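Indexing begins at 1, ligand by ligand and atom by atom, following the structure's order. The model shown is predicted, which means the values in this text are computed figures rather than measured ones.
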Amino acid sequence: MFPPGTTVRSPAAMLSLNTATLRPQWSLAECIDGCERHGLGGISPWRDKLQELGVAEAARRIADAGLAVTGLCRGGLFTAADAAGRAAAIDDNRRAIDEAAAIRAACLVLVCGGLAPGSRDLTGARQQVADGIAAILPHARAAGVPLAIEPLHPVYCADRCCINTLDQALDLCDPLGEGVGVAVDVYHVWWDPAVRPAIARAGTTGRLLAFHVCDWLVPTRDPLLDRGMMGDGVIDILGFRRAVEAAGFQGPNEVEIFSELNWWKRDPDEVLQVAVERNAACLG
Ligand code: ZN
């Protein structure tokens with residue numbers, strides 16, 4: 001027996017499935033069923049799969065399965081060569097916010113964008129990101145959808161995201177006020193010597209919105225598509241979990257594994273089973 005007041009958190013209930021983990025194997029409907037079957041506590045869909053199923057239908061099925069929606073992936077990609085491109089990105093982000101609201105997502109994850117094609121102006125790209133977030137923030141606030149800036153590992157600075165550390169993401173948040181925070185993905189931030197104080201800073205300012213887990217393999221054969229299962233690499237995931245909890249984060253670990261060479265080739269039920277087992281060692 002557990003003493004009264006003890007919260008029992010099963011490793012499955014404290015896991016959310018980012019659907020990228022089973023991208024080639026399962027549709028969103030299959031992911032929802034799989035999460036329910038394996039007792040997961042949450043799901044985080046990508047927009048392509050969400051649109052495939054239909055937003056209203058997905059919302060209904062996710063609610064019926066009793067899953068929390070730990071995020072919608074993804075908005076962002078604010079940088080573009082011209083004003084028309086930037087305006088199109090802002091329109092698309094507003095649609096993403098509406099989709100996130102419809103499925104009651106805890107946040108819309110923002111992968112902010114890298115350099116515009118042909119550009120070497122990194123400072124300008126970062127300004128475009130700041131301007132883009134500021135432009136969509138009123139819509140996000142009205143819809144009740146927090147925006148979660150996800151800093152990406154610097155290897156993606158040119159092509160995906162010019163926001164590369166947690167402090168940099170928090171610096172973007174500070175002047176914007178409420179309705180914007182950060183998603184901490186251990187794959188992207190584990191190397192950063194300033195990451196622990198940055199997590200504490202995110203907690204103090206109420207900006208810690210999501211926690212993504214996977215592992216960094218040695219060697220990593222492809223920076224995008226060779227992420228490891230928790231426990232197979234070098235990231236102190238438990239240490240990160242303790243840090244985000246100490247900063248006030250209570251949500252589940254969201255498993256997000258892009259793995260063309262391994263996990264995307266496996267039986268999806270096996271992937272979920274292993275993820276649940278490994279998550280047990282990643283909870284504080
Ligand atoms: Zn992530």
Participant: If the Zn ion (ligand 1) is the vertex, what is the angle to OE2 of Glu150 and OE1 of Glu256, rounded to 10 degrees?
Facilitator: 150°

Participant: Got a salt bridge between Arg37 and Asp33, using NZ or NE/NH1/NH2 to carboxylate O under 4.0 Å?
Facilitator: no

Participant: Would you call the rings of His153 and Trp216 parallel, tilted or perpendicular if under 30° counts as parallel and over 60° as perpendicular?
Facilitator: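 Parallel, since the angle between the ring planes stays under 30°.
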
Participant: Whether Asp91 and Arg94 form a salt bridge (side-chain N of Lys/Arg under 4.0 Å from carboxylate O of Asp/Glu) is what I want to check.
Facilitator: yes

Participant: If the cut-off is 2.8 Å, does any N/O/S atom of His212 fall short of it from the Zn ion (ligand 1)?
Facilitator: yes

Participant: Do the side chains of Arg95 and Asp92 get close enough for a salt bridge, i.e. N-O under 4.0 angstrom?
Facilitator: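 Yes, Arg95 and Asp92 are salt-bridged.
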
Participant: Considering just N/O/S atoms, say which atom of Asp185 is closest to the Zn ion (ligand 1).
Facilitator: OD2

